[in-house]
Amino acid sequence: DSGVTQTPKHLITATGQRVTLRCSPRSGDLSVYWYQQSLDQGLQFLIQYYNGEERAKGNILERFSAQQFPDLHSELNLSSLELGDSALYFCASSPGGRATEAFFGQGTRLTVV
Amino acid sequence: AQTVTQSQPEMSVQEAETVTLSCTYDTSESDYYLFWYKQPPSRQMILVIRQEAYKQQNATENRFSVNFQKAAKSFSLKISDSQLGDAAMYFCAFYDYGGATNKLIFGTGTLLAVQP
């Protein structure tokens, strides 16, 4: 158990809908990272938050947004969902602002039908 | 841009034998970290081993060790005394310590099967 908790584990939704994925980092970790794992794109970095502030941005679509709350949990919001958004979404956390030691959650499997 | 290449999509090893997974990377930076992550069927991404580029000594974690060749930009993972529980997808990853992007860049993975 990495100590990073993601909910829900599975999510099935229809095209055009909006979903929210939740992540609780390891105790004491200030950074949260979101990654998308799909069959055709592999593991892609989406976005990082550090102590409530956006720190780095990757290949995140405009339809997607994230935030980190004062208690350091994070949410990834995906809207206007398309079939191609079906993927495994991982959250990872690290103590500081750099991903030199990142621990991953179990992921949320999103299926868009 | 940094890239990570894993040229072996699939590997197989007999239980108790040794297997080496290959990884090469491309970067112009001198300070960085390299990682091997394991993804078993449970989908959990598990950190197996980490290497800091400025350290010449190869990292070791129990049955897992790396062969880090900085000049060749090569970072292979050796698994000794393979066990059935080692069966998983293994990802090599690169982190640019001084970069602004602050992200892990993953290879495409190597699926390891362990034969009893």
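Letters A, B, ... are given to chains in the order of the sequence lines, protein chains preceding strands, and every chain is numbered from 1. Hydrogens, waters and symmetry mates are skipped; everything else that's a heavy atom, side chains included, is used.
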Residues passing the side-chain contact (heavy atoms from CB on, under 4.5 Å) test with B:E52, sequence neighbours excluded, are B:Y33, B:R50, B:Y54, B:K55

Within residues 34-46 of chain B, contacts to chain A at heavy-atom distances under 4.5 Å involve B:F35, B:Y37, B:Q39, B:R43, B:Q44, B:M45

Tightest non-hydrogen contact, residues B:L104 and A:A99, listed as CD2-O, 4.0 Å

If you tally heavy-atom pairs under 4.5 Å between each of A:G97, A:G107, A:G58 and chain B, the highest tally belongs to A:G97

Turns out that what part of A:A102 lies under 4.5 Å from chain B's heavy atoms comes down to both

Cut-off 4.5 Å, heavy atoms of chain B, and the answer for A:Q37 is side chain

One should read off an interatomic distance between A:L43 CG and B:I105 CD1, to the nearest 0.5 angstrom, of 12.0 Å

Under 6.0 Å from the [atom1] atom of [X], do we count more than 12 heavy atoms belonging to anything else shown?
X: A:L61; atom1: CG; result: yes
X: A:L39; atom1: CG; result: no
X: A:D71; atom1: CG; result: yes
X: B:K78; atom1: NZ; result: no

The complete set of ring pair (Phe, Tyr, Trp, His ring centres under 6.0 Å) pairs with one or both residues in residues 47-67 of chain A, sequence neighbours excluded, reads none

>> Test of understanding: clusters of I, L, V, M, F, W, Y form through side-chain heavy atoms closer than 4.5 Å, transitively. Do B:F68 and B:I49 belong to the same one?
In response: yes

For A:K9, the salt bridge (charged side-chain N to carboxylate O under 4.0 Å, His left out) test, sequence neighbours excluded, returns none

